[in-house]
Amino acid sequence: MKKVITGITAFLMLAGCTKEKLSDRLLPEPDKNEHLITENALKINKEKNTIRERFSPPEGYEWIEEKPDSFGYFIEHFKLKPYGSQIIKYEGTPISNQHLHEAIFDIDTGNKDLQQCADAAIRIRAEYLYNTKQFDEIKFHFTSGDLLSWNDYKSGMRAVVSGNSVSFRKTAAFDDSYQSFRNYLDLIFNYAGTISLNKETKPVTKNSDLKTGDILITPGSPGHIVFISGVCKNPEGKRLFLLSEGFTPAQSVHVLSNPFNPYFTPWYDLDVNASETKTARYFFKPTNFRTF
């Protein structure tokens, strides 16, 4: 559990996943046999270790090309753990439900219950910006509305919480190492969440605009986020999507299976105008797609 202190800290920590009552929108667990029945519905290249290589689109569909310097390209070519890897919690033990995912991102979860749902989306976005040296763009809001950038953090600025206010003071030496970057992200994970991420992203209102890296989000309490991790389309322009998420407690970032469509799993048919959208472990009502 994320540690809840007092004053504004308590409020800030109510905006992520543990901070919310996810059970209110958790879907009933599908029959585990459903996964076995659909295991070979679409070819999964189990020996491959990126999303783009491992998952073949359904017949008649092709991957949409992403520019090499784009966020979408970064996600689709992110290294995956070997096929069949389990979802592991932050303290090193597997979760009980291991049949609703098809891949695990090869990225650490940390050893604290911090990198939950919104945090997983923030982590992947921040890693993209860090790896492409877009350091000026690495900045995230706390739920309180206060903004902390990586540039400020590496220069020694730290958040100071006092009662119902947040201030920033230089209390550390300059440090632009990757470990310092991870420490920065842990601080963001502690104080940001679905509410802040919803505010600092823009709505997607057309299906044709949905792309890899966009998020589907329910802000608040309860709240949750999944992010699009692949897009394919057919000659008529119909698109299908892969979805990924982090969850509560903090655990491996993973690509979801689609228990509702045995022929297209793990691909999803998404519609920005749908009244609700069901994913493997959570349903979003209303449907709220947003982009960075």
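Take Lys67 and apply the side-chain contact (heavy atoms from CB on, under 4.5 Å) test, not counting sequence neighbours, and it matches Asp69, Ser70. By the ring-ring contact (aromatic ring centres under 6.0 Å, His included) test, Tyr178 pairs with Tyr130, Phe181, sequence neighbours left out. Shown here are the side-chain contact (heavy atoms from CB on, under 4.5 Å) partners of Pro82, two or more places apart in sequence or in another chain: Ser85.
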**Report entry** Intermediate values then yes/no, side-chain hydrogen bond (donor to acceptor under 3.5 Å, both in side chains), Asn45 and Ser56
**Finding:** CA-CA 8 Å; Asn45 304 304; Ser56 299; 3.3 Å; yes

Requested in this report: Could you give me the CA-CA distance, side-chain angles and deciding distance for Lys139 and Glu200, then say whether side-chain contact (heavy atoms from CB on, under 4.5 Å) is met?
Outcome: CA-CA 10 Å; Lys139 48 192 174 185; Glu200 62 187 22; over 6 Å; no

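Glu47 has no carboxylate O lying under 4.0 Å from a charged side-chain N of Arg54, or vice versa, which leaves the two without a salt bridge. Salt bridge status for Glu53 with Lys48: absent, with no side-chain N to carboxylate O gap under 4.0 Å. Electrostatic pairing of Asp108 and Arg182 counts as a salt bridge here, judged by a charged N lying under 4.0 Å from a carboxylate O. Using a 4.0 Å cut-off between a side-chain N of Lys or Arg and a carboxylate O of Asp or Glu, Glu102 and Lys46 do not qualify as a salt bridge. Ion pair Asp152/Lys170 not flagged as a salt bridge, since none of the NZ, NE, NH1 or NH2 atoms sits closer than 4.0 Å to an Asp/Glu carboxylate oxygen. In summary, Asp106 and Lys79 engage in a salt bridge, as defined by a charged side-chain N under 4.0 Å from a carboxylate O.
Using modelled atom types, no side-chain atom of Arg125 and backbone atom of Ile138 make a donor-acceptor pair closer than 3.5 Å. A donor-acceptor pair is defined here as one N or O able to donate and one able to accept, closer than 3.5 Å; no such pair exists between the side chain of Thr265 and the backbone of Asn261. When atom types are taken as modelled, the side chain of Arg158 and the backbone of Arg169 share no donor-acceptor pair closer than 3.5 angstrom. Proximity of a side-chain donor or acceptor of Ser252 to a complementary backbone N or O of Ile87 within less than 3.5 Å is not detected. Looking only at distances, no side-chain donor or acceptor of Asn190 sits under 3.5 Å from a matching main-chain atom of Leu187. No donor-acceptor distance shorter than 3.5 angstrom exists from the side chain of Ser180 to the backbone of Asp176, with no hydrogens or angles considered.
In this structure, Arg290 and Leu197 have side chains that are not in contact, with every pair of non-hydrogen atoms separated by 4.5 Å or more. In this structure the side chain of Asn288 never reaches within 4.5 angstrom of the side chain of Thr218, judged on heavy atoms. Here the side chains of Thr287 and Asp271 are not in contact, with every heavy-atom distance at 4.5 Å or above. Residues Phe168 and Leu148 are in side-chain contact: their nearest non-hydrogen atoms beyond the backbone lie under 4.5 Å apart.
For the atom pair CD (Gln251) and CG (Asp113), the distance works out to 9.5 Å, reported to the nearest 0.5 Å. One finds the NE2 atom of His141 at 8.5 Å from the CG atom of Asp146 (value rounded to the nearest 0.5 Å). Atom-to-atom distance recorded for Ser244:OG and Ile225:CD1 is 13.0 Å, nearest 0.5 angstrom. Here the straight-line distance linking atom CZ of Phe105 with atom OG1 of Thr109 works out to 12.0 Å at 0.5 Å rounding. The CD1 atom of Ile228 sits 9.0 Å away from the CD1 atom of Ile75 when rounded to the nearest 0.5 Å.
A donor-acceptor pair shorter than 3.5 Å can be found between the side chains of Ser177 and Asp175. Under 3.5 Å, the side chains of His224 and Glu245 contain a donor-acceptor pair of N or O atoms. Using modelled atom types, one finds a donor on one side chain and an acceptor on the other under 3.5 Å when comparing Gln134 with Thr132.
Few gaps surround NZ on Lys89; more than 12 heavy atoms of other groups in view lie less than 6.0 Å from it. At most 12 non-hydrogen atoms from other residues, nucleotides or ligands lie less than 6.0 angstrom from CD of Glu59. The number of heavy-atom neighbours closer than 6.0 Å to NZ of Lys211, taken from other residues, nucleotides and ligands shown, is above 12. By the 6.0 Å contact criterion, CD on Glu91 is enclosed, its count of non-hydrogen atoms from other residues, nucleotides or ligands being greater than 12.
Criterion: ILVMFWY side-chain heavy atoms under 4.5 Å apart, direct or through other members. Under it, Phe74 and Ile215 are part of a common hydrophobic cluster. When hydrophobic clusters are built by joining Ile, Leu, Val, Met, Phe, Trp and Tyr residues whose side-chain heavy atoms come closer than 4.5 Å, directly or via intermediates, Ile107 is grouped together with Ile122. Linking Ile, Leu, Val, Met, Phe, Trp and Tyr whenever their side-chain heavy atoms come within less than 4.5 Å puts Val253 and Leu129 in one cluster.
A distance of 6.0 Å or more separates the ring centres of Phe247 and His254.
Tested against Tyr184 for a ring pair (Phe, Tyr, Trp, His ring centres under 6.0 Å), the candidates Tyr191, Phe189, Tyr153 yield a single pass: Tyr153.
Taking the ring axis of Phe135 as reference, the NZ or CZ atom of Lys154 stays within 45° of it and closer than 6.0 Å to the ring centre.
In this pair, Phe264 and Tyr61 present their aromatic rings perpendicular. The plane angle is above 60°, beyond the 30 to 60° band. Using cut-offs of 30° and 60° on the angle between ring planes, the pair Trp267 and Trp63 is perpendicular. Ring pair Tyr128/Phe71 is tilted by interplanar angle, where 30° to 60° counts as tilted.
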